[in-house]
Chemist: 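I have a structure here, written as structure tokens, and I will follow up with some questions on it.
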Amino acid sequence: MRVRVELAHEVIAKVREGILQLSQLPLRHFLPDPFAQFAEEQAEAIAALNRFLQRDDLTWYNAPDAIAEVLQQTRDGESKWYRMVQTGEL
């Protein structure tokens, strides 16, 4: 019985110590990362753009220039992907 009481006191002390340590951590350790979903959606969007434009080199840094280039090609009637969309191949 005495051993049981001593173990109970040790367990209680450890639980208190753990609660104290957790209470000192910033709240961000317990909340989900608000940017994780944004980063995932951003990666999905650039992958979809790569597929749609049939490129594999697009990043968020070069996408505006690549899109401008495709739009210019479309205006000039040189766009391969636009013809594919029109014929249903894409």
Chemist: Going by side chain to side chain contact (heavy atoms under 4.5 Å, CB included), name the residues that satisfy it together with E41, two or more places apart in sequence or in a different chain.
Modeler: Q37
Chemist: Please report the interatomic distance CD1(I46) to CZ(R51), rounded to the nearest 0.5 Å.
Modeler: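 Atom-to-atom, I46:CD1 and R51:CZ are 11.0 Å apart.
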Chemist: For N50, enumerate each residue passing the side-chain hydrogen bond (donor to acceptor under 3.5 Å, both in side chains) test, keeping only those at least two apart in sequence or located in another chain.
Modeler: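 Expected list: none.
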Chemist: State which residues pass side chain to side chain contact (heavy atoms under 4.5 Å, CB included) with A66; sequence neighbours excluded, sorted by chain then number.
Modeler: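 Scan of A66 (side chain to side chain contact (heavy atoms under 4.5 Å, CB included), adjacent residues dropped) gives R55, L58.
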Chemist: For D56, check salt bridge (Lys or Arg N to Asp or Glu O under 4.0 Å) against everything at least two apart and list the hits.
Modeler: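 D56 satisfies salt bridge (Lys or Arg N to Asp or Glu O under 4.0 Å) with no residue once adjacent residues are dropped.
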Chemist: Find the distance between CG (N62) and OG1 (T59) and round it off to the nearest 0.5 Å.
Modeler: 3.5 Å
Chemist: Working to the nearest 0.5 angstrom, can you tell me the gap between Q73 CD and E69 CD?
Modeler: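 Here the interatomic distance stands at 5.0 Å.
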Chemist: Could you work out, with side chain to side chain contact (heavy atoms under 4.5 Å, CB included) as the rule, every residue matching R75, not counting sequence neighbours?
Modeler: L71, Q72
